[in-house]
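We name chains A, B, ... by the order of the sequence lines, and we start the count at 1 in each one. From a predicted model like this one, the values you see are computed outputs, not experimental measurements. When reading the values below, keep in mind they use all heavy atoms of this one structure, side chains included, and skip hydrogens, waters and symmetry mates.
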2 protein chains.
Amino acid sequence: MLHRKDKVNDLKMNKIDKSSFVPPFYQLATILEKRIYSGEFKPGDPLPSETDLGKEYELSRMTVRKCLNLLAERGLIVAQQGRGTFVSRPCLDRATFVLEDFKEELGRRGLEPGYRLVHVRLLKATDEIGVKLQVQHDDRILYYCRLLLGNHEPLAVEHKYMRYVKGKPILENELQYKAFSEVISLNTDILPVRSRMTLCAASAEVEEAQLLNAAVGLPVLKVEQSLYSQDGNIVGIGIFYYHGERYSLVSDIQPLKGEG
Amino acid sequence: MLHRKDKVNDLKMNKIDKSSFVPPFYQLATILEKRIYSGEFKPGDPLPSETDLGKEYELSRMTVRKCLNLLAERGLIVAQQGRGTFVSRPCLDRATFVLEDFKEELGRRGLEPGYRLVHVRLLKATDEIGVKLQVQHDDRILYYCRLLLGNHEPLAVEHKYMRYVKGKPILENELQYKAFSEVISLNTDILPVRSRMTLCAASAEVEEAQLLNAAVGLPVLKVEQSLYSQDGNIVGIGIFYYHGERYSLVSDIQPLKGEG
DNA sequence: CAGTGGTCTAGACCACAAA
DNA sequence: TTGTGGTCTAGACCACTGG
């Protein structure tokens with residue numbers, strides 16, 4: 001009985017319960033988050049020093065730091081060497097959109113993912129893409145186009161360009177199911193180490209509209225990807241169009257879950 | 001001379017240089033990254049255990065862990081309790097787009113940011129927005145519309161809806177320059193603690209097109225924001241339209257910078 | 001059971017900022 | 001000079017995994 005009462009007091013008085021399954025650094029993070037949200041610390045205010053927090057909550061400084069790192073990652077506080085740790089302005093007006101593996105993403109949404117390989121072609125290295133990929137004059141570029149489906153409905157069109165290495169067999173199966181950077185490393189022995197993607201809004205042109213089963217002019221999310229090798233050359237170019245009405249990105253910023 | 005030679009050997013042999021300004025945990029991270037990219041460890045392979053890495057590089061386990069955390073954050077490895085730490089499939093096909101403070105973002109791009117307040121209105125709580133904001137029947141909703149400018153050119157239109165508290169004065173200046181969540185907490189004494197934003201592609205309607213100085217149908221990035229209070233109620237709704245041709249989001253995934 | 005990662009501690013030295 | 005955060009250490013206990 002007393003034990004239970006002590007625990008309740010711990011929660012009320014914002015003490016650390018070392019017998020809990022929730023690790024102390026996380027308990028402290030939720031406590032500090034509460035103290036910030038309650039208005040005790042306002043944006044710009046300094047938090048107590050790491051040493052003082054350690055004394056107050058009877059934790060080692062390393063543990064306090066682990067907790068502060070957690071809050072800093074979430075943008076709630078900012079540490080400044082030699083000065084202190086300060087509460088940030090609320091950062092709820094910043095968003096982080098993650099474009100991740102298509103299959104996993106659809107799984108979470110409860111849709112059945114699907115792929116359809118539309119084109120596979122060898123192109124001459126003449127046009128703009130060839131220049132970017134720095135292909136020799138008589139080399140070829142492998143181009144392929146893939147459709148991403150959700151419950152058999154087209155959600156996105158992907159165009160991908162990479163150098164073509166003669167003699168290296170490429171399975172259509174690979175093109176259809178594997179990630180672009182994997183396809184490149186498998187078929188050219190070059191390992192992409194850097195990726196840059198830009199996202200903007202655009203209108204579907206004729207080809208994309210057809211493939212997306214929609215009208216020309218359909219709003220789409222256009223993503224352009226450049227993959228670089230270790231020596232800084234572009235080894236792959238991707239252009240992806242996501243159906244504007246069927247595909248969206250979500251960003252969620254919320255408080256830490258309490259110790260329930 | 002010998003000192004210098006030793007350092008060179010350290011780099012070649014992938015040892016830690018404790019006299020360097022680059023902290024050991026970071027040196028180890030770049031070393032392990034190299035060993036992974038070189039093909040020594042392939043996706044799915046286990047890394048040596050934390051204890052073994054500590055012995056190999058003469059570092060404490062905590063330092064090794066700090067390094068592994070760094071690589072894990074970047075998606076290069078995944079730790080599994082009780083089993084080990086494993087190299088991930090290359091995650092270059094995942095992107096993280098950050099929509100951040102408009103002013104800072106434009107500063108980085110070398111554009112001059114600007115704001116223009118277009119509308120401020122009190123609406124009746126009848127329509128869809130009113131229901132979401134759970135406004136009482138005789139309360140009012142504060143609506144305002146803001147234009148974001150880059151070098152005096154319109155880049156985005158923002159529509160924002162929040163509960164209106166009688167008697168609380170609201171300065172137009174605040175609406176024009178302050179972040180939405182800040183405006184809400186200043187004028188309703190409710191602190192938003194959670195934000196959910198969705199991003200999709202759309203076409204500009206008449207009003208947005210006019211404000212963006214573009215034709216109807218212009219592709220736009222449409223972002224919808226909901227701000228929640230601690231008790232789970234929606235306390236603010238925002239709808240933002242970013243000019244599709246003038247605004248884009250960028251994601252960059254690249255290797256750690258070496259110890260130059 | 002042994003080995004793994006997850007967490008915590010008490011102490012230490014450093015670089016940096018402010019008085 | 002004092003106090004701050006940034007880093008590192010050598011040890012410890014725990015929960016989890018797999019044989």
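A side-chain donor-acceptor contact under 3.5 Å links B:Gln176 to the backbone of B:Tyr115. Put simply, the side chain of A:Thr188 never gets that close to the backbone of A:Ser185: no donor and acceptor are under 3.5 Å apart.
Taking 4.0 angstrom as the limit, B:Thr63 places a side-chain polar atom (N or O) nearer than this to OP1 or OP2 of D:dT9. For B:Ser49, no side-chain nitrogen or oxygen approaches OP1 or OP2 of C:dG3 to under 4.0 Å. Dashed line: the shortest gap from a side-chain N or O of B:Ser60 to OP1 or OP2 of D:dC8 is not under 4.0 Å.
Across D:dG18, C:dT9, D:dC8, the shortest atom-to-atom separation from the side chain of B:Arg83 is found for D:dG18. Ranking D:dG5, C:dT7, D:dC8 by closeness to the A:Arg65 side chain, first place goes to D:dG5. The side chain of B:Met62 lies closest to C:dC8, out of C:dC8, C:dG5, D:dG18. Considering only the side chain of A:Leu59, C:dT9 comes nearest among D:dT9, C:dT9, C:dA17. In this structure, of D:dT7, D:dG5, C:dC8, it is D:dG5 that holds the atom nearest to the side chain of A:Ala79.
Rounded to a whole Å, the CD atom of B:Gln81 is 6 Å from the P atom of C:dG6. Rounded to an integer number of Å, the gap from NZ of A:Lys18 to P of D:dA12 is 18 Å. Counting to the nearest Å, the C1' atom of C:dT7 and the CD1 atom of A:Ile16 are 14 Å from each other. To the nearest angstrom, P of D:dG5 lies 8 Å from CZ of A:Phe86. In this structure, A:Arg61 atom CZ and C:dA10 atom P are separated by 14 Å, rounded to whole Å. Counting to the nearest Å, the P atom of C:dC8 and the OH atom of A:Tyr57 are 15 Å from each other. To the nearest angstrom, C1' of D:dG6 lies 14 Å from CD of A:Gln80. As a whole-Å value, the separation of A:Tyr26 OH from C:dC8 P is 13 Å.
When each of A:Phe21 and A:Gly84 is assigned the nucleotide of DNA chain D bearing its nearest heavy atom, the one mapping closer to the 5' terminus is A:Gly84. Nearest-nucleotide mapping onto DNA chain C: of A:Val64 and A:Gly82, the residue sitting toward the 5' end is A:Val64.
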List the steps, then state whether salt bridge (charged side-chain N to carboxylate O under 4.0 Å, His left out) holds for A:Glu100 with A:Arg108. CA-CA 12 Å; A:Glu100 52 197 329; A:Arg108 259 201 306 285; 2.5 Å; yes
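Taking 4.0 Å as the cut-off between side-chain N and carboxylate O, A:Glu56 and A:Arg35 count as a salt-bridged pair.
At the heavy-atom level, A:Leu68 lies nowhere under 4.0 Å from the strands shown. Across all strands, B:Thr85 comes closer than 4.0 Å only to sugar-phosphate atoms, never to a base (heavy-atom distances).
Counted within 6.0 Å of CD on A:Gln80, heavy atoms from surrounding residues, nucleotides or ligands total more than 12; the atom is thus considered enclosed.
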